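Scroll down for the structure; my scribbles are underneath it.
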Amino acid sequence: MKYGYYPGCSLERNAAAYHQSAMAVAGPLGIDLVEIDDWNCCGATEYFSINLLPAYALVARNLALAQDQGISDQLVAPCSACFLNLTKTDRYMADSPQLAADVNEALAAGGLHYTPGSVRVRHLLDIIVNDVGYDVVAAHVSKPLTGLRVAAYYGCLIVRPGYGGIFDDPEHPTVMDKLLRVLGAEVVDFPLRAQCCGGHMTQISQEVAYEMIRRLLKNAADYEADVIATVCPMCQLNLDAYQANVNQFFKTDYMIPVLYFTQLMGLAFGASPLELGIGKEFVDARPALSKIGVAVPSNGTPRKAGASKEALPMPRLEEERS
Amino acid sequence: MDNSYEPVIVGFLCNWCSYRAADLAGTSRLHYAPNMRPIRVMCSARVEPQFVLKALREGADGVLIAGCHPGECHYVDGNIKALRRYELLKRMLRQLGIEEERVQLVWAAASEGNVLADAVNRMTEQLRRLGPLRWRETVLGGDGQMTEYSSEKVSKEV
Amino acid sequence: MAAKEKPKFAMYWAASCGGCEISTLNIGDKILAVGEAFDVAFWPCVADFKVKDVEGYPDGYIDLCLFNGAIRNSENEEMAHLLRKKSKILVAFGSCASEGCIPGLSNLTTAEATLRAVYLDNPSTDNPKKTLPQPFTKVPEGTIQIPVFYERVKSLDQVVAVDYVMPGCPPEAHQIATVMDAVITGVPLPPPGRSIIGAGSVAVCEECPRQKNVKRIKRFYRPYEITPDPEICLLEQGIVCMGIATRAGCGALCPRVNMRCEGCYGPLDGVEDQGANMVAAIASVIEEGSGPLAGIDEAELQRRIGKVMDTLVDPAGTFYRFNMAHSLLMRARFTGGEVEKGAA
Amino acid sequence: MSEERVGVYVCHCGSNIAGTVAVEEVSQWAAGLPNVVVSRDYKFMCSSLGQELVEKDIKELGLTRVVVAACSPHMHERTFRATCERAGLNPFLFEMANIRELDSWATDDRVAATQKAKAMVSAAVRRVIHHQPLQLLPVTINPNTLIVGGGVAGITAALEIANAGYHVYLVEREPSIGGHMAQLDKTFPTLDCSACILTPKMVDVAQNKNITLLSWSEVEVVEGYIGNFTVTVRKRARYVNEEKCTGCGICIDKCPKKVVDEVFEAGLGYRKAIYRPFPQAVPKYPVIDTASCIFFQRGKCKACQMFCPTEAIDFEQQDQILKLEVGNIVLATGYDTFDPRRIPQYGYGRLANVFTSLEFERMVNAAGPTGGRIVLRDGVTTPKSVAIIHCVGSRDKNYNEHCSRVCCMYSLKFSHLLHERVPDAQVYEFYIDIRATAKRYEEFYHRVLEEGTRFIRGRVAEVTDAARLPGEEGKLIVQYEDTLVGKQRRLPVDMVILSVGMEARRDSREVAQIFGLGCEYNGFFIERHPKLDPVNTMTEGIQIAGACQGPMAIPEAVAQGAAAAARVLSLITQGTVMMEPVRAHIDAEKCSGCRICNNLCPYNAIVFHEDRKVSEVITALCQGCGACVAACPSAAIMGAHFTDEQVMAQIEGMLWDVQPQIAMTATGAE
Amino acid sequence: MTAYATTARAPTFLEEVIARTPGEPHLERCIQCGTCGGSCPSGADMEHTPRGLFALINAGLREQALCSNTPWYCVSCYYCTVRCPQQIHITDVMYTLKRMAIDEGYYTESTARDAPEFSKTFIDFVESNGRSFELGLATAYHLRYRPLNAVGMAPMALGMLRRGRMDLTPTKIKGIKQLQAILNKAKELGGVK
């Protein structure tokens with residue numbers, strides 16, 4: 001399967017590990033990621049705050065490039081923020097002919113034109129679980145992550161607001177949980193799975209940002225997660241690089257490594273930690289990873305109603321029903 | 001486009017859904033373009049393509065056919081028959097040089113006064129942009145004209 | 001004692017192929033009876049008359065005038081007015097005169113495009129100077145005038161009042177014979193005013209021997225695409241047979257030989273537009289869209305139905321093969337540069 | 001040129017029309033239209049004076065056609081037809097132009113409105129000239145009635161009709177009648193015990209000679225029309241012989257298989273594989289749920305059969321298909337409660353101590369799974385703090401836009417019951433608006449306020465078990481904005497109750513199709529008129545009652561049940577109804593037997609005569625949609641009151657002002 | 001609101017905000033339920049909850065609304081947007097308010113006055129390189145606006161460098177001229193500078 005690939009600024013450097021591991025797993029899974037030539041920044045969450053039309057134009061240039069370079073009608077973005085901006089621009093241009101016209105007038109200044117809908121933007125997680133599928137992934141697992149307690153952390157923009165079409169529940173996503181289970185990991189309940197990592201608040205109000213990060217770390221710790229798995233460079237940065245600051249700020253001592261889901265896939269596929277960029281994280285992942293293969297009995301807080309004799313039945317969830 | 005031009009739309013409304021939707025739009029005082037002139041039929045399936053052509057020839061700039069949503073037709077599936085005819089008629093009108101916007105089929109349930117009002121507004125806007133049809137004058141008119149054909153005029157196009 | 005004056009007969013040929021004339025001669029020896037019964041006052045195709053002769057006649061001099069051919073140019077129209085003036089009974093004879101027929105199909109394009117096709121674009125035409133017929137041409141001797149080519153083809157009744165219409169392309173010889181008999185033997189004709197003579201009052205299906213069942217059409221076929229079952233209604237097999245919307249009188253000639261009815265006898269009483277009625281009729285019996293509808297995806301349904309309709313190539317040309325000039329819209333509309341689109 | 005003498009009457013409707021349309025101008029202009037002999041405008045045409053005006057003109061001026069330009073024909077067509085009839089003019093020689101709903105009320109552009117009014121009047125005038133005198137078709141009413149749904153609305157309707165001495169078939173999908181009301185504990189605001197007031201009525205149904213109760217049954221097909229419906233009902237196999245069963249209940253005690261009762265106990269309690277939803281069930285006969293019955297699943301057990309004293313258990317029993325002949329139908333199919341699993345952030349299904357309001361009703365019910373004890377999911381712990389969340393799945397465009405109308409009140413009731421049963425518990429009500437809009441509701445609200453419930457204005461954002469702050473561990477944390485303070489807050493509680501709203505039945509659209517009804521966007525059935533005809537439907541002979549028409553509380557449902565019954569009774573006592581003569585007719589002379597029309601009739605009213613090779617419309621079955629009329633390629637089918645001539649003339653009239661009406665074919669005038 | 005509900009009077013502040021937001025944000029629908037305020041991850045630290053802010057807008061209290069730190073504390077998590085029972089595009093409205101605050105110079109009053117500076121610094125790099133440049137961003141922004149923090153942030157920056165997670169020099173895209181042409185045209189069209 002051939003896809004256009006939009007790494008986004010983060011994956012060039014600060015999230016290079018994400019890029020490396022993505023490539024490392026893409027190969028075996030038959031995902032051919034072809035980077036679009038000369039792409040530019042998506043504007044993150046900043047550009048829309050300053051100036052509307054240029055913000056759309058900035059993103060639209062990438063869409064236009066993807067469209068013209070004709071690698072594939074699908075464009076994969078591993079970064080949730082990029083994913084949002086690309087899908088949002090495409091969607092809004094489609095919904096508002098006026099906006100489409102303006103953006104295209106701007107693009108014309110650079111000799112480009114983008115027809116809304118001509119490129120379908122997808123998140124890396126989406127294509128791995130939906131285009132490749134759990135079975136194929138399972139087939140590649142040579143070193144199951146047995147015993148590794150992982151908190152699947154989705155963050156916001158991959159599931160909300162769903163401009164690119166909803167591929168998982170915006171409030172309680174589960175696809176990464178399934179994926180990690182396929183890898184053999186023990187996926188812990190993680191109620192805050194889709195809560196915000198603080199985004200750019202680290203730059204604006206550290207108090208606010210640190211509190212958001214703390215909540216997530218606490219929740220992961222409560223469920224005794226060895227590792228937090230992420231799908232977004234921003235989430236990784238905030239939870240990982242700022243973990244020390246948070247500890248300092250709240251007098252806590254969290255030491256939870258934050259890895260990209262692709263890194264965990266790579267490990268399960270038997271790739272070497274090095275080629276997966278493991279070691280670039282601030283909170284050392286090695287102690288946690290040393291557990292792999294060693295089944296540690298869980299004593300994490302159970303979250304189901306005690307099945308005592310008097311106990312009242314629990315309402316069943318969709319998945320249990322089917 | 002001459003702004004003084006106001007399109008005239010002949011609307012065929014089915015008795016059970018769309019006509020009641022129009023009634024509801026009125027009772028709830030939804031103001032919409034006064035350009036649609038309503039004709040009540042029992043079901044959108046009663047609307048003959050003949051009626052549409054007749055309206056267009058007699059000077060309508062557009063024709064709106066409104067019925068119940070598929071699955072909600074008072075006569076089970078009359079609206080599906082209307083839809084089938086509309087799809088074929090549309091293709092024939094294309095050949096006769098009539099823009100697609102001039103003949104439209106919409107679904108409006110009895111509770112959807114706003115849907116009907118919006119449809120009329122939308123269509124009125126589209127027809128404003130398209131300009132008048134005025135079939136007799138612009139298409140048939142000038143009976144027995146003595147036009148001369150200048151070979152230059154034609155050869156230029158050749 | 002003067003011999004009783006024979007009634008006067010005229011037959012004129014405007015924009016048409018001449019088939020009507022041949023069909024008239026096809027009535028066989030009855031033609032002699034016609035000769036017996038009438039004095040021919042004007043019949044360019046069989047005897048040498050000049051327009052001057054006709055202009056010389058007193059008004060209403062001609063008792064029966066069969067006018068075939070459509071009104072394509074100014075000459076056709078002038079003759080129509082002249083013959084109307086000079087005739088007691090004016091019959092729009094054949095499909096061209098009564099509804100425009102094949103010439104009428106040019107109403108799906110512009111006069112200009114028609115001329116261009118004939119004088120410029122036609123591969124067998126050698127016209128380096130790109131000369132086109134001009135109504136008025138100056139020559140040393142003065143100005144030469146030829147008929148003006150009209151923008152659209154009209155039926156006879158669109159330029160003069162018509163007493164009777166005799167449909168068909170051409171009218172079947174036996175039909176002509178019966179009408180002639182009637183006229184000669186003085187059987188009273190129906191009240192004049194575009195009344196139909198020499199044809200049936202029900203659709204072709206009445207005369208068609210094929211087995212007719214409840215209709216559920218999956219898709220349409222052009223005649224060359226399938227070999228139809230010779231026993232079963234062609235329409236049921238997806239062939240766009242116009243028989244259901246066409247006046248009988250021909251004896252269902254085409255369907256009898258596995259060919260779809262093309263509709264030359266025109267629409268039935270009470271039908272204003274043959275094509276529109278075909279649309280209504282056959283679109284209604286498409287299979288697509290039957291079945292449970294609750295919670296159906298409306299756009300998807302419309303798309304599926306549309307796909308079936310796409311298999312019906314050139315609806316206008318098919319439904320209006322003979323009736324275009326006499327249909328409700330009468331011709332296609334051109335807002336510029338759409339000639340190709342229009343000319344199906 | 002036609003000889004008809006037309007009278008035109010333009011109504012002011014006070015200022016409703018005259019406010020936007022220049023009515024005098026329209027009527028003066030109409031006077032100049034061909035065939036119009038008189039044209040008047042009047043304040044209220046529908047008033048007796050207005051009608052007398054018309055009658056007088058018909059008699060004195062010899063009008064042969066009448067046009068009234070006023071409101072919607074759905075409003076007053078019948079009125080003016082009657083007017084014409086009184087003056088000796090066939091009622092169908094009348095036409096109405098709707099210049100109110102479709103004109104004066106839909107715009108404020110006086111010029112455009114007046115022009116549109118003229119168009120509609122000229123259209124009506126040209127049309128009415130082509131009208132033909134028609135006679136209404138009398139239809140005799142079968143005195144039997146079908147009632148679908150045995151909730152409180154259906155029960156009420158059934159008893160009203162049966163007590164009037166007519167026969168009723170009451171079809172109920174579940175094993176017992178009673179509906180949602182039977183599940184409730186107390187009813188607001190009076191706090192009577194729901195079961196105590198309902199069961200007597202249920203017993204009346206069981207004992208009433210005029211009622212045939214078909215429980216555990218569903219309607220599959222409805223054919224025919226008002227007065228003469230044929231209804232196909234599937235009576236599902238109970239596997240219990242109703243002749244022999246005494247309802248002693250031994251089989252239930254002996255049944256070894258216990259399953260969660262998703263229906264009556266709302267998933268909070270258990271029942272056996274052979275069961276009776278609740279002790280006072282009507283009918284008293286149990287049913288075997290084959291999906292969980294050990295015998296049906298594994299082929300052995302038969303405990304029930306072994307212990308049944310009357311050998312009533314019959315594993316061989318088959319579904320029965322019944323054909324019922326009825327004249328009227330009342331639909332009282334009720335509602336479904338919103339499934340809060342659709343709002344994951346409220347945690348229902350994931351967080352043990354989040355309950356739905358229906359679960360709570362069962363919990364507080366003395367006959368319920370906990371015998372009325374208010375406890376957490378563990379079945380023992382009594383909650384010390386309870387949050388009740390309003391508008392769950394209601395007033396929310398993502399789920400149901402409508403307000404479910406009952407949640408506010410039952411939530412208040414819950415507060416009261418909590419205070420009563422767990423005096424030291426702190427109760428919080430999270431609301432957007434408190435809607436206490438009926439008799440004694442507001443008073444009840446005040447009472448609950450005084451009982452110490454804390455009301456917090458703010459729609460809850462999420463319920464989580466992820467502790468963030470000290471004191472939150474092991475609790476459910478409700479996160480919300482206190483909108484009156486303007487601050488985001490977190491509140492740890494032991495129990496959360498979701499006040500779920502009312503929705504249309506999941507299968508309401510399918511049901512609507514079976515009975516030929518319309519559905520609102522949200523699936524509730526559409527009434528004929530929201531104000532003036534709330535229980536009647538667009539389909540003659542079919543009434544709707546209760547929450548299948550929209551969210552409502554018990555009193556309204558009961559009132560509607562009775563109203564529907566009154567409707568039915570008036571039809572039965574009339575014996576016959578007159579039906580619109582809008583029907584299709586095939587002119588055998590013109591029919592070529594092409595058979596295009598044969599499969600177009602949804603009521604199979606068109607038959608083909610092989611011998612004569614012509615098709616024919618069975619008038620009694622025809623409903624007048626006109627699908628066949630439009631389809632007939634040789635114009636052999638005539639649609640009474642909607643003929644081609646009439647519609648074509650109407651089209652010309654509508655376009656009177658658009659362009660000169662050049663003659664398209666030359667006339668005699670040379 | 002149909003195209004026919006025309007009005008002569010000057011637009012209210014609410015109408016302005018709606019007009020300056022792409023698509024149909026439906027802010028006029030707000031029923032003040034507070035779902036947004038309850039859902040917002042940074043809601044506890046906002047001067048006004050989103051709902052509160054909308055009340056100010058509806059009341060036409062322009063200055064108070066545009067001086068509020070609320071939009072700047074929005075982390076674009078879209079919880080409010082997906083949960084809003086009236087389907088109001090809240091996140092988009094926040095972006096609009098940020099732009100209005102900048103255009104009308106109100107943000108300098110805001111307690112979050114640094115935020116726009118951060119955004120600006122960020123896009124300065126994007127506009128001159130086509131890609132973002134974390135080191136540059138961090139240093140430029142922190143040194144310029146929060147020198148004290150810069151010190152606190154130093155160890156992290158070093159850590160980033162040590163782990164090869166930060167470049168010392170910005171990457172420039174080839175088509176930077178093209179990009180700038182596009183952005184300039186867009187600014188010209190957008191009217192906002």
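Just so we're clear, the structure is a prediction, and the values are computed from it rather than from any experiment. A note on names: the letters A, B, ... follow the listed sequences, proteins ahead of strands, and every chain is numbered from 1.
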field: side-chain contact (heavy atoms from CB on, under 4.5 Å) partners of D:E265, counting only residues at least two apart
entry: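 Partners of D:E265 under the side-chain contact (heavy atoms from CB on, under 4.5 Å) test: D:D261, D:R362, D:P369.
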query: Is any side-chain heavy atom of A:I213 less than 4.5 Å from a side-chain heavy atom of A:N245?
result: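 A:I213 vs A:N245: side chains apart.
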query: Of A:V258, A:L216, A:T202, which meets side-chain contact (heavy atoms from CB on, under 4.5 Å) against A:N238?
result: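 Checked A:V258, A:L216, A:T202 against A:N238; only one passes side-chain contact (heavy atoms from CB on, under 4.5 Å): A:T202.
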message: I'd like to know if A:E186 and A:K291 make a salt bridge, using a cut-off of under 4.0 Å between side-chain N and carboxylate O.
response: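 No.
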message: When you compare the side chains of D:E481 and D:T483, does any donor N or O come within less than 3.5 Å of an acceptor on the partner?
response: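 No donor-acceptor contact under 3.5 Å links the two side chains.
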query: Hey, are A:Q195 and D:E462 close enough side-chain-wise for a donor-acceptor pair under 3.5 Å?
result: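 D:E462 vs A:Q195: donor-acceptor pair found between side chains.
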Using heavy-atom distances under 4.5 Å, tell me whether [X] contacts chain A through its side chain, its backbone, both, or neither.
X      : answer
D:A266 : neither
D:L376 : backbone
D:Y348 : both
D:T356 : neither

task: Please test A:D226 against A:R149 for salt bridge (Lys or Arg N to Asp or Glu O under 4.0 Å), starting from the C-alpha separation and ending with a verdict.
output: CA-CA 5 Å; A:D226 303 319; A:R149 291 174 60 84; 5.4 Å; no
query: With a cut-off of 6.0 Å (strictly less than), are more than 12 heavy atoms of other residues, nucleotides or ligands near CG of A:D253?
result: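 Atom CG in A:D253 is not packed in, count stays at 12 or less.
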task: Considering only heavy atoms, give the residues of residues 153-170 of chain A separated from chain D by less than 4.5 Å, sorted numerically, with 'none' for an empty result.
output: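 From residues 153-170 of chain A, the residues near chain D are A:D169.
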